[in-house]
Amino acid sequence: MPTELKPIAPVPVSQRIRERLMAAKVRFHANDNIAAYIEPGELEQLLDEVTVKMQGVLESLVIDTQNDHNSIDTGRRVAKMFINEVFNGRYAPAPPVTEFPNVSGLNELMIIGPITVRSACSHHLCPVIGKVWIGVMPNEHSNLIGLSKYARIASWVMSRPQIQEEAVVQLADYLQERMQPDGLAVVMEADHFCMQWRGVKDMDSKMINSVMHGSFLKDPSLRREFLSLIKR
């Protein structure tokens with residue numbers, strides 16, 4: 001009598017992506033972008049996989065998603081929110097950036113902001129909402145970028161689970177690499193819902209931190225000028 005062959009379960013798309021990252025020895029922490037290792041069509045498959053997992057979480061929370069009209073399709077909605085919106089900075093490539101040569105040889109302080117940014121604490125996945133100010137001291141060789149692109153880049157970097165201290169470093173490093181200015185500064189001020197919504201439930205505390213590169217780090221008067229001009 002022939003042995004009945006059991007069907008082989010398909011490999012989850014998350015496992016395929018993870019194995020690809022590990023084979024390339026690429027880090028995939030919560031605040032890392034992994035877009036280069038996701039193949040066409042896999043993001044839609046990942047959405048389906050996360051939907052099933054989120055449905056399981058809801059069931060483990062003893063929520064009746066069959067009869068509660070408010071919870072029907074919640075698993076799918078949360079999966080779409082995570083992948084397409086609040087954590088999109090992990091799965092989408094960097095936004096296209098229009099660059100302009102510094103034909104006029106501009107070398108004066110430029111300040112962009114406040115830019116509203118939204119992120120999530122990687123400890124509890126609670127919202128982090130705040131504002132970012134960017135200071136740029138260009139040189140004759142710097143690439144200048146369109147004003148709206150600062151907001152697009154900030155949103156891309158911030159739309160990942162992370163901590164604020166690392167987020168501003170990532171943003172500053174990315175802008176420094178793209179523009180190559182003499183100096184670059186980033187200041188972020190944000191509300192953390194992991195403090196307001198849970199734990200101590202302190203509604204008034206904010207976190208403010210900064211990263212300074214180049215002339216902003218070396219020149220105290222330039223640093224003071226930038227900090228005095230941003231309106232918080």
Side-chain angles (χ1 to χ4, degrees), residues 26-36 85-122 128-190 192 206-232:
V26 173
R27 199 183 80 164
F28 51 101
H29 289 187
N31 61 346
D32 288 325
N33 179 273
I34 59 172
E85 296 178 279
V86 297
F87 300 158
N88 182 252
R90 297 197 76 235
Y91 308 108
V97 175
T98 305
E99 299 181 354
F100 307 94
N102 189 4
V103 175
S104 300
L106 300 173
N107 62 351
E108 300 294 335
L109 173 62
M110 300 164 47
I111 299 177
I112 303 94
I115 299 168
T116 299
V117 292
R118 298 164 184 84
S119 190
C121 167
S122 53
V128 175
I129 299 177
K131 296 185 182 299
V132 163
W133 292 261
I134 299 167
V136 179
M137 179 60 73
N139 59 50
E140 60 182 7
H141 305 295
S142 297
N143 291 324
L144 304 179
I145 65 176
L147 188 60
S148 67
K149 302 306 185 288
Y150 289 98
R152 293 184 187 279
I153 292 170
S155 176
W156 177 69
V157 170
M158 295 294 166
S159 296
R160 310 169 192 178
Q162 58 197 327
I163 60 173
Q164 182 174 332
E165 300 94 308
E166 294 177 352
V168 293
V169 171
Q170 280 193 326
L171 178 56
D173 287 350
Y174 185 82
L175 289 171
Q176 180 71 36
E177 183 180 351
R178 291 300 301 258
M179 302 178 67
Q180 296 295 314
D182 280 346
L184 190 126
V186 176
V187 171
M188 180 173 175
E189 176 183 281
H192 288 247
K206 296 179 183 292
M207 182 174 184
I208 305 168
N209 62 331
S210 64
V211 174
M212 305 286 172
H213 286 179
S215 53
F216 285 96
L217 192 61
K218 299 173 184 176
D219 186 346
S221 62
L222 176 63
R223 187 163 61 249
R224 284 194 298 269
E225 181 183 2
F226 168 66
L227 294 173
S228 68
L229 290 173
I230 64 174
K231 307 296 186 210
R232 292 196 290 105

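Positions are given from 1 along the sequence. The figures that follow rest on heavy atoms only: side chains count, while hydrogens, waters and symmetry mates do not. Computed from a predicted model, the values in this text were never measured in an experiment.
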> Closer than 3.5 angstrom, by distance alone: can the side chain of N209 be matched with the main-chain N or O of E189 as a donor-acceptor pair?
no
> Answer with yes or no whether the side chains of Q164 and H192 bring together a donor and an acceptor at under 3.5 Å.
yes
> Under 3.5 Å, side chain of N88 to main-chain N/O of S159, donor-acceptor pair present?
no
> Filter on salt bridge (charged side-chain N to carboxylate O under 4.0 Å, His left out), then keep only pairs touching residues 158-171, sequence neighbours left out; what's left?
none
> Drop me the distance from L144's CG to M110's CE, to the nearest 0.5 angstrom.
6.0 Å
> Would you check if V117 and M188 make a side-chain contact, meaning some heavy-atom pair closer than 4.5 Å?
yes
> Could I get the full list of ring pair (Phe, Tyr, Trp, His ring centres under 6.0 Å) partners for Y174, not counting sequence neighbours?
W156
> Are D32 and V26 side-chain neighbours, meaning at least one heavy-atom pair lies under 4.5 Å?
no
> Please list every donor-acceptor pair under 3.5 Å in which a side-chain atom of residues 213-224 meets a protein atom from a residue at least two apart or in another chain.
residue: H213; atom: NE2; partner: D173; partner atom: OD1; Å: 3.4
residue: D219; atom: OD1; partner: S221; partner atom: N; Å: 3.0
residue: D219; atom: OD1; partner: S221; partner atom: OG; Å: 2.6
residue: D219; atom: OD1; partner: L222; partner atom: N; Å: 3.4
residue: R223; atom: NH1; partner: F216; partner atom: O; Å: 2.7
residue: R223; atom: NH1; partner: L217; partner atom: O; Å: 3.1

> Could you tell me if the side chain of M158 sits less than 4.5 Å from the side chain of V132, heavy atoms only?
yes
> For the side chain of R90 and the backbone of P161, is there at least one donor-acceptor N/O pair under 3.5 Å apart?
no
> Which heavy atom in I115 sits nearest to a heavy atom in A154, and how many Å separate them?
CG2-CB, 4.3 Å
> Could you tell me the separation between the OG atom of S122 and the CD1 atom of I163, rounded to the nearest 0.5 Å?
6.5 Å
> Who passes side chain to side chain donor-acceptor pair (under 3.5 Å) against D182, sequence neighbours left out?
N139
> Go through the steps for M212 and F226 under the test side-chain contact (heavy atoms from CB on, under 4.5 Å), then give the verdict.
CA-CA 11 Å; M212 305 286 172; F226 168 66; 4.3 Å; yes
> Tell me, please, which residues at least two apart from T116 pass side chain to side chain donor-acceptor pair (under 3.5 Å).
K131
> With the side chain counted from C-beta on, respond yes when I145 and T98 share a heavy-atom pair under 4.5 Å apart, and no when they do not.
no
> Tell me yes or no: between the side chains of Q162 and S119, is some donor less than 3.5 Å from an acceptor?
yes
> Does R152 CZ have over 12 foreign heavy atoms under 6.0 Å away?
no
> Side chains of V157 and N31, heavy atoms from C-beta outward: is any pair under 4.5 Å?
no
> Calculate, to the nearest 0.5 Å, the distance between atoms CG and CD belonging to L171 and Q176 respectively.
11.5 Å
> Which heavy atom of V128 sits nearest to which heavy atom of C121, and what is that distance?
CG2-N, 3.7 Å
> Counting C-beta onward and ignoring hydrogens, is there a side-chain heavy-atom pair between W133 and V186 closer than 4.5 Å?
no
> V168 versus V187: any side-chain heavy-atom pair under 4.5 Å?
no
> Where do P138 and P181 come nearest, in terms of heavy atoms and distance?
CA-CB, 4.2 Å
> Compare every heavy atom of P93 with every heavy atom of A35, then report the nearest pair and how far apart it is.
CB-N, 3.6 Å
> Say whether Q180 and N143, considering side chains only, have a donor N or O and an acceptor N or O under 3.5 Å apart.
no
> Hey, are the side chains of I111 and L109 touching, using non-hydrogen atoms and a 4.5 Å cut-off?
yes
> Nearest 0.5 Å please: distance from the CD1 atom of I153 over to the CZ atom of R178.
6.5 Å
> Suppose we screen for ring pair (Phe, Tyr, Trp, His ring centres under 6.0 Å). Which residues come up paired with Y150, at least two apart in sequence or across chains?
none
